[in-house]
Amino acid sequence: MNYHHYNPRQAALAEARALLEKAAAAAMAAGALPEAELPAFIVEIPADVKNGDVAANLAMAGARVFRKAPRQIAEAIVGALDLTGSLFERAEIAGPGFINLFLGSGWFTGVLRAACSESDYGRTDGGAGKRYNVEFVSANPTGPMHMGNARGGALGDCLAACLDWAGYEVTREFYINDAGNQIEKFGKSLAVRYLQLYKGEEACPLPAECYQGADIVAHAKNFAAEHGDAYVDGDFEQLKKDITAFALPQNIEGLQRDLGKYRIRYDVWFHESDLHAAGAVQAVVDKLLQSGACYKAEDGAIMYRSAQYAAKYGVVNKKKTDSGEEEAKDEVLVRANGIPTYFAADIAYHYNKLAVRGFDKAIDVWGADHHGHVARMKGAMDAVGLDGSRLDVVLMQMVNLMRDGKPVRMSKRTGKAITLTDLLDEVPIDSARFFFNMRESSSTLDFDLDLAVRSDSENPVYYVQYAHARICSLLKKLDAAGIAFAGPEAVDAAVLTDASEQALIRLLAAFPAEIAAAAERYDPARITRFVIDLATAFHRFYNACRILEAEGAVREGRIALCLAVRGVIRNVLTMFKIEAPETM
RNA sequence: GCGCUCGUGGCGCAGCUGGAUAGCGCGUGUGACUCCGACUCACAAGGCCGCAGGUUCGAAUCCUGUCGGGCGCACCA
């Protein structure tokens, strides 16, 4: 058998469904069941192995159409069930009418062989090579990255990895907001700080809306070191322009450097300024004006009709009218002064992703504080003639950094909010990437700084890595003892009868389906949890079963188990760009 | 006020496209190495799944309402 892209759990579920449908048809043909259209039913993996490997609710779901008691229906179907040549060896009727199917050892053997022979076991092709663009972090280049960016980085990168493993063609992208209002503000802040160096702070105070950070002052000093006082008496706008051109590329390089240290490599760094320069923002605004999705307001601003397009996707911004009633509030696309808002640029950007570059799907990872923007953007995609459902947004809740059980907001060293680099100075990158993927994105995440640095099994990354190192050590010991593994083809899972062994094989079998589910639900955290469960199941097996001292087929089977578990742990950690150490 | 989101043992979380006795980690208590890495494992106690209705053979899961926490409602991004 070829185990390339093998998904054993899915194979078992699909075969169970087909067998049951066939049995139901046979029962109807034989008169054991009345003729009726088969109802929708589910096949699933029961929580408790006592209830079989696969369970179906067909009999219960069919009570109405067959006009019979569920258990009678189940008996008719099971009576007509032919399991010869299938993955299953027997069927039972249980409880209110569940049909429980039990897998034969062939399936277990297949799982073991696939998992210990295929180096990329877990990879499947359900994504069919569809082109997905995952955009994440996209931090403002005006300053350092914060905790939201840290979580978004780990989440987006690992989500992209899951999609890749599930068979999608993934592009990782960073959108650089190097245009618009905040760049203006950045330039102004820099220029004022520069002038302060020569004229003093009293003579040119920094406006309240400007960036206050020390990084701005540092840029200004560097600029002054290069150009001296040449700009002091010159044109302020020219100073702004030149000092921005001086500092912005440095900041962007800083983002690239810091994210690189965090092991994130983007395929595309997309500049917002390129959209403006190419006239793409203007073009999309024109398109919206033509289609009637926008209109020109009295003051000259171009307004976007919210209600019409956003209502389909949920929220629209509301405002109160003079009479106290609520109505949809239109959005400004281009200000009265002719400068487009970020919303206009964002539409052009997503148009570029979906229409110009032709991605099947654009997935954006955003902080939950931007949720109001989701319906707007999806609606806008409809308005420009695309389909809003091709844009998906993963909203991410806040991070609370915890020390001694209490939240910490500020860095002791700088007195400012803790940045991504502060975090990575304190916590291993392995821990950061793992911890940020322990909770699904929709939950707020408490990041335990004390736990993240611990080198013991309390720390889940450590616990998982330890399982990997333990297996490596064991395999070395086998090698030293001259015990060679006979190869996957010789493995027979039927001899692995211990509950801990079977539980481990079941977990191994779930791996490809887990990745597929993580990709489908945009939830890489389930893979983190999966690998913790796998490590737990391995340690349990290790305590219950001897490997070195076992003999014959049992030893072969257990070695295969070790190889398989090592492979899956390594695949998960490598996918998530976390070290899989052989010793520790 | 409107909207999004989260309420599950002392704490932190799974389970949520409806299923059979609600799982896991920490903490608490008791145990397991002359033995492959004890950086590990086992057993035990502990829960009317925020609350109230509804839908049906069956609800932690779906619907409605309600209470509580977080977030958002700019010609900022």
Side-chain angles (χ1 to χ4, degrees), chain A residues 42 44 46-48 50-52 55-57 60-61 63-64 69-70 94-98 100 138 140 142 177 180-183 185 209 272 297 299-303 314-320 324 326 329 331-337 339-343 345-346 366-375 395 397-398 400 402 405 438-440 442-446 448 451 454-460 462-463 465-467 469-478 481 500 520-521 525-526 529 532-533 535-536 538-550 558 562 583-584:
Chain A
I42 55 162
E44 60 175 355
D48 190 331
K50 285 203 298 284
N51 294 321
N57 70 342
M60 283 115 80
R64 191 176 308 224
F98 286 104
N100 296 336
S138 297
N140 243 317
T142 53
N177 296 106
N181 230 321
Q182 82 285 358
I183 294 297
K185 202 160 82 180
E209 76 273 14
E272 180 185 350
D299 63 0
I302 297 175
M303 305 297 291
V315 211
V316 291
N317 266 348
K318 300 267 176 59
K319 69 166 180 193
K320 287 227 168 85
E326 287 193 332
K329 185 170 177 284
E331 308 281 337
V332 181
L333 265 196
V334 181
R335 299 176 180 91
N337 63 13
I339 298 171
T341 61
Y342 85 105
F343 183 36
D346 242 15
W366 293 351
D369 53 348
H370 289 63
H371 68 78
H373 192 42
V374 176
L395 292 174
Q397 291 289 338
M398 289 190 14
N400 296 314
M402 307 293 283
M438 285 205 299
R439 303 277 173 266
E440 62 185 313
S442 60
S443 301
T444 55
L445 184 144
D446 289 348
D448 188 333
L451 188 59
R454 280 176 70 164
S455 309
D456 60 46
S457 65
E458 302 283 304
N459 182 344
Y462 200 90
Y463 180 80
Q465 290 176 322
Y466 176 67
R470 202 179 207 189
I471 297 170
C472 290
S473 160
L474 179 66
L475 293 171
K476 268 180 223 143
K477 198 144 265 174
L478 283 161
S500 66
E520 192 185 340
R521 300 179 200 190
R526 48 189 306 141
R529 283 185 235 109
I532 294 171
D533 288 347
T536 305
F538 175 76
H539 288 310
R540 184 170 299 180
F541 153 74
Y542 183 89
N543 272 273
C545 301
R546 308 297 298 173
I547 297 146
L548 208 49
E549 291 123 46
R558 288 178 182 167
C562 290
T583 58
M584 53 198 292

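Order of the sequence lines sets the chain letters (A, B, ...), proteins ahead of strands, with each chain counted from 1. Worth knowing before you read on, the calculation uses all heavy atoms, side chains too, and leaves out hydrogens, waters and symmetry mates.
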Which of the following nucleotides, B:G37, B:C75, B:A20, is nearest to the side chain of A:Phe98? B:A20
Pairwise C1' distance for B:C71 and B:G25, with rounding to whole Å: 28 Å
What is the distance, rounded to the nearest whole Å, between atom CD of A:Glu520 and atom P of B:C16? 13 Å
What string of B, S and - do you get for nucleotides 23-32 of chain B 5' to 3' if you count protein non-hydrogen atoms under 4.0 Å? ---S------
Residue A:Ala469, side-chain heavy atoms: nucleotide from B:C16, B:G37, B:G19 that is nearest: B:G37
With sequence neighbours excluded, residues passing ring-ring contact (aromatic ring centres under 6.0 Å, His included) with A:Phe541: A:Phe538
Within the structure, does a side-chain N or O atom of A:Asn177 lie under 4.0 Å from either OP1 or OP2 of B:A77? no
Polar-atom pairs under 3.5 Å, protein N or O versus N or O of nucleotides 69-71 of chain B: list them with distances, or write none.
none

Among B:G12, B:A38, B:C36, the nucleotide that comes nearest once only the side chain of A:Lys477 is considered: B:C36
Mind checking A:Asn100 for me? I need base, sugar-phosphate or nothing, with any heavy atom below 4.0 Å counting as a touch. base
OP1, OP2 of B:A20 versus side-chain N and O of A:Lys50: anything below 4.0 Å? no
Separation of A:Glu440 atom CD from B:C16 atom P, in whole Å? 10 Å
Could you state the atom-to-atom distance from CG of A:Asn400 to P of B:C6 in whole Å? 16 Å
Taking side-chain hydrogen bond (donor to acceptor under 3.5 Å, both in side chains) as the test, write out the residues that go with A:Asn177, two or more places apart. A:Glu272
So A:Arg439, base contact, sugar-phosphate only, or nothing? Heavy-atom distance under 4.0 Å. sugar-phosphate
Which is true for A:Ala481 with a 4.0 Å heavy-atom rule: it touches a base, it touches only sugar-phosphate, or it touches nothing? nothing
In whole angstroms, how far is the C1' atom of B:U5 from the CH2 atom of A:Trp366? 16 Å
Set of residues satisfying ring-ring contact (aromatic ring centres under 6.0 Å, His included) with respect to A:Tyr466, sequence neighbours excluded: A:His539
Compare the minimum distances between each of B:G19, B:C36, B:G37 and the side chain of A:Glu44, then state the nucleotide with the smallest one. B:G19
Return the value, rounded to whole Å, for the distance between atom CE of A:Met402 and atom P of B:G12. 9 Å
Measure from CD1 on A:Ile532 to C1' on B:C41 and round the result to the nearest Å. 17 Å
Any side-chain N or O of A:Arg529 under 4.0 Å from OP1/OP2 of B:G12? no
List for me each residue that meets side-chain hydrogen bond (donor to acceptor under 3.5 Å, both in side chains) alongside A:Asn51, sequence neighbours excluded, and say none if there are none. none
Please list, chain by chain and in numerical order, all residues satisfying side-chain hydrogen bond (donor to acceptor under 3.5 Å, both in side chains) with A:Arg529, sequence neighbours excluded. none
For A:Arg521, give me all partners under salt bridge (charged side-chain N to carboxylate O under 4.0 Å, His left out), at least two apart in sequence or on another chain. none
Checking contacts here: which listed nucleotide (B:A20, B:C75, B:A38) is nearest the side-chain heavy atoms of A:Arg470? B:A38
At less than 3.5 Å, do the side-chain atoms of A:Tyr462 and the base atoms of B:C39 form a donor-acceptor pair? yes
Which is true for A:Cys545 with a 4.0 Å heavy-atom rule: it touches a base, it touches only sugar-phosphate, or it touches nothing? base
Using whole Å, what does the distance between atom C1' of nucleotide B:C76 and atom CD1 of A:Ile183 come to? 13 Å
Can you pull every protein N or O that's under 3.5 Å from an N or O on nucleotides 56-63 of chain B?
none

Would you call the rings of A:His373 and A:Phe343 parallel, tilted or perpendicular, where under 30° means parallel and over 60° means perpendicular? perpendicular
Does a nitrogen or oxygen in the side chain of A:Ser443 sit under 4.0 Å from OP1 or OP2 of B:A14? yes
Could you list the residues that satisfy salt bridge (charged side-chain N to carboxylate O under 4.0 Å, His left out) with A:Arg335, not counting sequence neighbours? none
Taken to the nearest whole Å, CG/A:Leu395 to P/B:C6 is 11 Å
Just jot down the side-chain hydrogen bond (donor to acceptor under 3.5 Å, both in side chains) partners of A:Asp446, sequence neighbours excluded, or say none. A:Asn400
Does the pair A:Lys476 and A:Thr583 meet the rule for a side-chain contact (heavy atoms from CB on, under 4.5 Å), with working shown? CA-CA 11 Å; A:Lys476 268 180 223 143; A:Thr583 58; 3.8 Å; yes
Compare all side-chain heavy atoms of A:Leu474 with those of A:Arg470 and state whether any distance is below 4.5 angstrom. no
Winner on side-chain proximity to A:Met584, out of B:G37, B:G19, B:G12, is B:G37
Base, sugar-phosphate alone, or nothing: which one does A:Ala63 contact when heavy atoms must sit under 4.0 Å apart? nothing
Just to be sure I follow the notation: if a pair is Watson-Crick (purine N1 to pyrimidine N3 plus N6-O4 or O6-N4) or a G-U wobble (N1-O2 and O6-N3), each under 3.5 Å, what dot-bracket string does RNA chain B give, with | for pairs to another strand? (((((((..((((.....[...)))).(((((.......))))).....(((((..]....))))))))))))....
